[in-house]
2 protein chains.
Amino acid sequence: MSTGVNLKELAAELKLSPSTVSRALNDSYEISEETKKKVVSMAEKMNYQPNPFARSLRENKSKTIAVVMPERMSSFFSKVIDGIEEVTQQHGYHLLVYSTHEDVEREKKIVNLLMNGRADAIVMSVSSQTSDISHLARLHERGFPLIFFDRICESIPTTKFITNDYESAFEGTKHLIQQGCRRIAFLMLSKELSITKERYRGYLDALKAAGLSPTPSLQVTCAHEEENNIEAIRKMLLSEDRPDGLVSSVEKLALATYHAVKRTDIKIPEDLKIISFFSNLSIAGLLTPSLTTITQPAFTIGEECAKLLMKKLTKPRQPDLPNQLISIPSKIIIRSSTIAV
Amino acid sequence: MSTGVNLKELAAELKLSPSTVSRALNDSYEISEETKKKVVSMAEKMNYQPNPFARSLRENKSKTIAVVMPERMSSFFSKVIDGIEEVTQQHGYHLLVYSTHEDVEREKKIVNLLMNGRADAIVMSVSSQTSDISHLARLHERGFPLIFFDRICESIPTTKFITNDYESAFEGTKHLIQQGCRRIAFLMLSKELSITKERYRGYLDALKAAGLSPTPSLQVTCAHEEENNIEAIRKMLLSEDRPDGLVSSVEKLALATYHAVKRTDIKIPEDLKIISFFSNLSIAGLLTPSLTTITQPAFTIGEECAKLLMKKLTKPRQPDLPNQLISIPSKIIIRSSTIAV
DNA sequence: TATAATTTCGCAATCGTTTCCGTATTTTAA
DNA sequence: TTAAAATACGGAAACGATTGCGAAATTATA
């Protein structure tokens, strides 16, 4: 791999010193317009590309953001990253992307690796296994810029971007009740997860507001393995107090539910109405029947994370990321899976 | 952001020179076992993390791989990256991930940015717009390690990983014919794409082998915008010589076809049988009717790309990546969308 | 015992930038 | 006309690691 020209060679060609060339390329006021032109044109001619590591070493920043998330095959996370990339790319930033595969040990390893400054900031959504958050707390205490989205750590005082989890779950559950549901199931990944807690609370409060009492056996905590989830849901669906409605707090469990239903003779929406947090609109419309979704503003969440970070990182002497919770509302899109017949 | 301890501070604490400490940490034969122990334990105690940029600058390598692909919201590409990450993470490599959004201009920008050595290698799948490949050729001519997967550049002499596109398309088309189809449509993204060419060839040859002649109006070239694709497909499906079978060369066009069919009263598989290159098995099973798929070994492709790169990058004085085409076969999974009634 | 070989470590250069100084030249002000 | 200020540039020190080379201390060999 033949490395290109460096600053010294470029300077030699121009019969200038490296410092002058550097300043010229960085548009310093100390350099005359005339020399700037010369330098810039010669740099183009010789295809000079500054070495990013020399620069990072000197400036102590990498122009790189790390994104850590639980899984890649999820339209929600894909769209968030698209949103982040859209903003960061305009500022010349690069994206390191890591998947924890819902494994807290991998999450710890990744976070610890990132503490050496390879990235200027971390945008993350924690794994469903994450209960001990000391690795993240340590990162933040050291002053490392850290932003959470979706699955947040409440106790770490930094900026977090979420959707209106509580209200959406409340409204979604209320919608099921309005459609006549009385025994409503709730599917979740892990009780530790911030999104689980909030969405669950919204679900419970909606039940309470309607004078309904929750049935413990209808609240299913799932795991990572899809087949196990499908079977757990199927059993719940066929249990004694089988539900007539179902709220899924994450996309993948809605899909698991459709799989589970296929293994029974339950009819949606006649026997069971389903609503789910879901980001893949194209798929939602193709499911049979089409799925009523609580659609999170995934792309916007990514954009907002990135905008905040860019402000903090590209301007000098910015304050720490404020300890705030920013909520961007979801939209409920009613489709066939909850239409009363 | 308070940077941690560096080598000099660690050395001072140990009353040793930085060079000795560096060698001790790198397990050099020149250092006694005794000092090694001391150094390592002190490094742990002080939580020493080597500065990656200083190291990269000195060693002229970044322990980073760049992955450039056309889109993120695709189960195929997601799985490929999961495969790559699985291997590279074990070697301590990091992943920079870029999406071109099927835009060749963005692809060029990204590739040019990567020429400065920010990554040690690039794994890429070109955009559907890419016909001029000079940006990639230049990269390769400079000796930059470059690997293609799926959507390859035939003319660039490096290693490419694909699936058996021709054979799979041939077998898939043959399957439709065996199920009684006579007028078989073909959906593609861009005629420039390597996968389009090969899969199209397989499709044509299968027709020919059965004594069928292709109908030009049944061969639809689609673009990026989903709604436009759906409408184009719908029109084709309702045209005079409407098809009774359809091969989709990529996942998203199969979904578009399902959407298009929903807007007509065409019945699958009675009126139209569908087969598609498709990686999202969970979704394939949930479509109505479930979709017969040509399932690419996405994860394995990613793993193989990464394995080859790791061999090249982690061992000293490796030869250039050989000019070879490695094909990993797909599997055809027959579901309801092609079952004759 | 004297010399050679081995072990173990330190000094200093290096990677390619940026930037703090210093300085020569030109312009402005008094 | 002279002093002060502004302009335009170069020298050299950083940033934090790795490594070639030299040297002291120890061990082996003759």
Side-chain angles (χ1 to χ4, degrees), chain A residues 1-40 42-43 46-64 92 113 115-118 120 314 316, chain B residues 1-40 42-43 46-64 92 113 115-118 120 314 316:
Chain A
M1 163 69 187
S2 64
T3 168
V5 290
N6 60 23
L7 201 60
K8 205 194 293 184
E9 293 162 6
L10 178 58
E13 194 69 24
L14 284 158
K15 296 191 201 307
L16 287 172
S17 79
S19 48
T20 301
V21 176
S22 170
R23 275 185 270 249
L25 291 173
N26 292 327
D27 201 27
S28 160
Y29 70 97
E30 295 187 275
I31 306 297
S32 70
E33 290 304 321
E34 192 185 7
T35 20
K36 277 184 191 172
K37 303 255 195 232
K38 276 189 210 162
V39 169
V40 169
M42 179 61 83
M46 298 181 73
N47 192 32
Y48 166 72
Q49 302 270 26
N51 182 306
F53 306 117
R55 185 174 275 177
S56 291
L57 178 58
R58 176 61 214 239
E59 307 214 303
N60 198 30
K61 54 184 188 180
S62 59
K63 287 219 151 201
T64 301
L113 274 177
M115 270 201 297
N116 60 15
R118 188 177 282 269
D120 296 339
T314 60
Chain B
M1 164 66 187
S2 64
T3 169
V5 290
N6 59 24
L7 201 61
K8 205 194 293 182
E9 293 162 6
L10 178 59
E13 194 68 26
L14 284 158
K15 295 189 201 307
L16 286 171
S17 81
S19 49
T20 302
V21 176
S22 170
R23 276 185 266 250
L25 291 173
N26 292 327
D27 202 27
S28 161
Y29 70 99
E30 296 188 272
I31 306 296
S32 69
E33 289 304 321
E34 193 185 6
T35 20
K36 277 184 190 171
K37 302 257 194 230
K38 276 189 210 164
V39 170
V40 168
M42 180 61 84
M46 298 182 73
N47 191 32
Y48 167 72
Q49 302 270 23
N51 182 307
F53 305 117
R55 185 175 274 173
S56 292
L57 178 59
R58 176 61 214 244
E59 307 214 302
N60 199 30
K61 55 184 186 177
S62 60
K63 287 218 149 200
T64 301
L113 273 178
M115 271 201 297
N116 61 14
R118 190 176 280 271
D120 296 339
T314 60

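In what follows, chains carry the letters A, B, and so on, assigned in the order in which the sequence lines appear, proteins first and then strands, with residues in each chain numbered from 1.
Taking only side-chain nitrogens and oxygens, A:Tyr48 comes nearer than 4.0 Å to OP1 or OP2 of C:dT17. Between B:Thr20 and C:dT8 there is no side-chain polar atom (N or O) within less than 4.0 angstrom of OP1 or OP2. Phosphate contact (OP1/OP2 of D:dC9, side-chain N/O of A:Thr35, threshold under 4.0 Å): present. At least one side-chain nitrogen or oxygen of B:Ser32 sits closer than 4.0 Å to the OP1 or OP2 atom of C:dC9. When the side-chain nitrogen and oxygen atoms of A:Asn51 are compared with OP1 and OP2 of C:dC15, none of them lie within a distance under 4.0 Å.
Mapping A:Leu57 and B:Ile31 onto DNA chain C by nearest heavy atom places B:Ile31 at the nucleotide closer to the 5' end.
Contact annotation for B:Glu9: no contact, since no heavy-atom pair falls under 4.0 Å across all strands.
Between B:Arg23 atom CZ and C:dC11 atom P there is a gap of 12 Å when expressed in whole angstrom units. Atom CG of A:Asn60 is separated from atom C1' of C:dT19 by 15 Å (rounded to the nearest Å). What separates CZ of A:Phe53 from P of C:dG16 is a distance of 12 Å, to the nearest Å. Atom NZ of B:Lys61 is separated from atom C1' of C:dG16 by 19 Å (rounded to the nearest Å). Atom pair B:Glu33:CD and C:dC9:C1' shows a separation of 15 Å (rounding to whole Å applied). The nearest whole Å value for the distance from the CG atom in A:Leu7 to the C1' atom in D:dG11 is 14 Å. Distance B:Glu30 CD to C:dT8 P: 10 Å, rounded to the nearest Å. Between the CG atom of B:Asn6 and the C1' atom of D:dT18 there is a distance of 14 Å, rounded to whole Å.
Picking from D:dT18, C:dG10, D:dC9 the nucleotide with the shortest atom distance to the side chain of B:Ser19 gives C:dG10. Of the candidates D:dT18, D:dC15, D:dG10, the closest approach to any side-chain atom of B:Arg55 belongs to D:dT18.
A salt bridge does not link B:Lys63 to B:Asp120: none of the charged nitrogens lies less than 4.0 Å from a carboxylate oxygen.
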Problem set entry | Evaluation steps, side chain to side chain contact (heavy atoms under 4.5 Å, CB included), between B:Ile31 and B:Asn26 | CA-CA 10 Å; B:Ile31 306 296; B:Asn26 292 327; over 6 Å; no
Problem set entry | side chain to side chain contact (heavy atoms under 4.5 Å, CB included) evaluation trace for B:Arg118 with B:Leu113 | CA-CA 8 Å; B:Arg118 190 176 280 271; B:Leu113 273 178; over 6 Å; no
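Pairing each heavy atom of A:Asn116 with each of B:Pro50, the nearest pair is CB-O, 3.8 Å. The minimum heavy-atom distance between B:Tyr48 and B:Val5, with the atom names listed, is CD1-O, 3.5 Å.
Donor-acceptor pairing under 3.5 Å, judged by distance alone, is absent between the side chain of B:Ser17 and the base of C:dC11.
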